[in-house]
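One structure is given below, encoded as structure tokens.
No experiment lies behind these values; they were computed from the predicted model shown. Every chain is numbered from 1, with letters handed out A, B, ... down the list of sequences. These values consider heavy atoms only, across backbone and side chains, with no hydrogens, waters or symmetry-generated copies.
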Protein chains: 2
Amino acid sequence: MPAKLLHKPSPSYEELDPVVGALVDEVIGRVADKWTMLILEVLETQGKLRFTRIAEAVPGISQKMLTQTLRQMERDGLVTRTVFPVIPPRVEYELTTIGASLGEAFCGVWQWAEKNLKKIEKSRAKFDQHAMKATKL
Amino acid sequence: MPAKLLHKPSPSYEELDPVVGALVDEVIGRVADKWTMLILEVLETQGKLRFTRIAEAVPGISQKMLTQTLRQMERDGLVTRTVFPVIPPRVEYELTTIGASLGEAFCGVWQWAEKNLKKIEKSRAKFDQHAMKATKL
DNA sequence: CTGCATCCGAAATGATACTG
DNA sequence: CAGTATCATTTCGGATGCAG
């Protein structure tokens, strides 16, 4: 995917436009959510899915959080929610164009996580070990 | 982190290696944190910085969260923490190689956020408007 | 099946005060 | 300056019950 990305356009957009900067931060804050990322990932790799399928595909998520996160994503225009007027209900979720583009953007982060897992674990172990000596436990 | 629920394993990479999958999720969960991303961004664009400078550069962060997030990032090997034995204290934080690489990975998300800000706001307005009509408030 | 509403304990976060 | 400690508050997230 994104092999080599340019660095951020301007040095510090906040400096140039504090208002827009705050808004970007807000969006980042919302989008940089664990469940959002996991759901995004699932919808990206598996395409259109209905509620229960997503629940199964996202380990550890509760029905409440799933509903909540999906609503938020729908509100932000990341996914479409299609309700089929049948009994029992059938609701399908699918990434929008903008949602898919976010998925692509996150792709780099995912690859990073997989690639650097080992290093992180090592770093943690080392850090914790030193912390041991520092404390009198 | 959420404990095990009544879900069967995800058919994605988790199926191939549930253990690694869970760990990746854990890392994602930690790294996909609002403050982590914001601090990462600041250190990436402004280089080596001391505590107070970061606090100023990250709008809305509390000193508690700053300390906490920086500690976590240090533990994960994303930043180095250099303490100068002087009075008053001087502590500088700088991205490590791996930290910088995460910054690059996040770059795409940042550009996405800036690029799609308007669309998101429109989508939200539209969504909220429809929600209005649906409710009798 | 796909939710929404409510309750409630747990965890995250903010505000404030204090320290080397 | 760069934290740590504490307390109040908010938010998170799971369990349950119910509706369309």
Side-chain angles (χ1 to χ4, degrees), chain A residues 25-26 28-39 42-43 48-75 79-94 127 131 134-137, chain B residues 1-8 25-26 29-39 42-43 48-75 79-94 127 130-131 134-137:
Chain A
D25 283 0
E26 195 274 340
I28 290 290
R30 165 138 333 166
V31 138
D33 171 69
K34 183 190 174 183
W35 297 132
T36 302
M37 291 191 67
L38 293 176
I39 292 174
V42 167
L43 287 178
K48 189 186 304 178
L49 287 177
R50 53 193 300 186
F51 190 82
T52 307
R53 290 276 148 276
I54 304 178
E56 293 170 351
V58 179
I61 196 169
S62 68
Q63 174 265 7
K64 181 182 181 177
M65 282 302 103
L66 180 54
T67 299
Q68 201 173 99
T69 309
L70 283 173
R71 279 285 176 286
Q72 207 160 58
M73 293 174 74
E74 185 194 358
R75 188 171 104 98
V79 302
T80 58
R81 176 170 178 270
T82 311
V83 182
F84 295 83
V86 298
I87 295 177
R90 176 190 186 86
V91 181
E92 289 186 342
Y93 294 88
E94 187 174 20
F127 184 91
T135 321
K136 44 281 33 306
L137 281 181
Chain B
M1 307 301 105
K4 268 285 204 184
L5 285 189
L6 26 128
H7 292 299
K8 49 182 182 180
D25 282 0
E26 194 273 342
R30 164 138 334 163
V31 138
D33 171 68
K34 181 189 175 184
W35 297 133
T36 302
M37 290 191 68
L38 259 23
I39 292 174
V42 167
L43 288 177
K48 190 186 301 177
L49 287 177
R50 52 194 300 186
F51 190 83
T52 306
R53 292 273 146 274
I54 304 178
E56 292 169 352
V58 179
I61 196 171
S62 66
Q63 125 279 42
K64 181 180 181 178
M65 279 303 101
L66 181 53
T67 299
Q68 200 174 102
T69 309
L70 283 172
R71 280 284 180 287
Q72 205 157 58
M73 293 174 75
E74 186 194 359
R75 189 172 103 100
V79 301
T80 57
R81 177 172 177 269
T82 312
V83 181
F84 296 83
V86 297
I87 296 176
R90 176 190 187 84
V91 181
E92 289 186 343
Y93 293 88
E94 187 174 19
F127 185 91
H130 289 171
T135 320
K136 45 247 128 225
L137 277 184

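- What separates CD1 of Ile61(A) from C1' of dG13(D) is a distance of 10 Å, to the nearest Å.
- One can place CG of Leu38(A) at 11 Å from P of dG13(D), the figure rounded to the nearest angstrom.
- Within 4.0 Å of Phe84(B), counting heavy atoms only, lies no atom of the nucleic acid at all.
- Sequence neighbours left out, the pairs with a member in residues 85-94 of chain A that pass side-chain hydrogen bond (donor to acceptor under 3.5 Å, both in side chains) are Arg81(A)-Tyr93(A), Arg90(A)-Glu92(A).
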Please step through side-chain contact (heavy atoms from CB on, under 4.5 Å) for the pair Leu43(B) and Val79(B), ending with a clear verdict. CA-CA 9 Å; Leu43(B) 288 177; Val79(B) 301; 3.7 Å; yes
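- What separates NZ of Lys64(B) from P of dG3(D) is a distance of 15 Å, to the nearest Å.
- Distance CD (Glu92(B)) to P (dG3(D)): 12 Å, rounded to an integer number of Å.
- Between Gln68(B) atom CD and dA5(D) atom P there is a gap of 13 Å when expressed in whole angstrom units.
- Taking side-chain N and O atoms only, Arg81(B) has no distance below 4.0 Å to OP1 or OP2 of dA2(D).
- When the P atom of dA12(C) is taken as reference, atom CZ of Arg30(B) falls 10 Å away, rounded to whole Å.
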Using atom names, set out every protein N or O paired with an N or O of nucleotides 17-20 of chain D below 3.5 Å, distance rounded to 0.1 Å.
none

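- Remark: Thr69(A) pairs with Asp33(A), Trp35(A), Thr36(A), Ile39(A), Met73(A) by the side-chain contact (heavy atoms from CB on, under 4.5 Å) rule, at least two apart or across chains.
- The separation between Gln72(B) atom CD and dT13(C) atom C1' is 14 Å, rounded to whole Å.
- At the phosphate of dA2(D), neither OP1 nor OP2 sits under 4.0 Å from any side-chain N or O atom of Arg90(B).
- Residues Arg71(B) and Met65(A) both approach DNA chain D. Their nearest nucleotides, taken by heavy-atom distance, put Arg71(B) toward the 5′ side.
- In this structure, the CD atom of Glu74(B) is 15 Å from the P atom of dA2(D), given to the nearest Å.
- Evaluation of the side-chain hydrogen bond (donor to acceptor under 3.5 Å, both in side chains) rule for Glu74(B) yields no partner, not counting sequence neighbours.
- One finds no side-chain N or O of Arg53(B) lying less than 4.0 angstrom from the OP1 or OP2 phosphate oxygen of dC1(D).
- In this model, the phosphate group of dG13(D) is approached by a side-chain N or O of Trp35(A) to a distance below 4.0 Å at OP1 or OP2.
- Taking the side chain as every heavy atom from C-beta outward, Val42(A) and Leu49(A) approach each other to under 4.5 Å.
- Contact annotation: Tyr93(A) side-chain N/O to dG3(C) OP1/OP2 distance is under 4.0 Å.
- Listed by first then second residue, pairs satisfying side-chain hydrogen bond (donor to acceptor under 3.5 Å, both in side chains) with a partner in residues 56-68 of chain B read Arg53(B)-Glu56(B), not counting sequence neighbours.
- The closest side-chain heavy-atom distance from Phe84(B) to Val91(B) is not below 4.5 Å.
- Side-chain nitrogen and oxygen atoms of Thr52(B) include at least one within less than 4.0 Å of the OP1 or OP2 phosphate oxygen of dA2(D).
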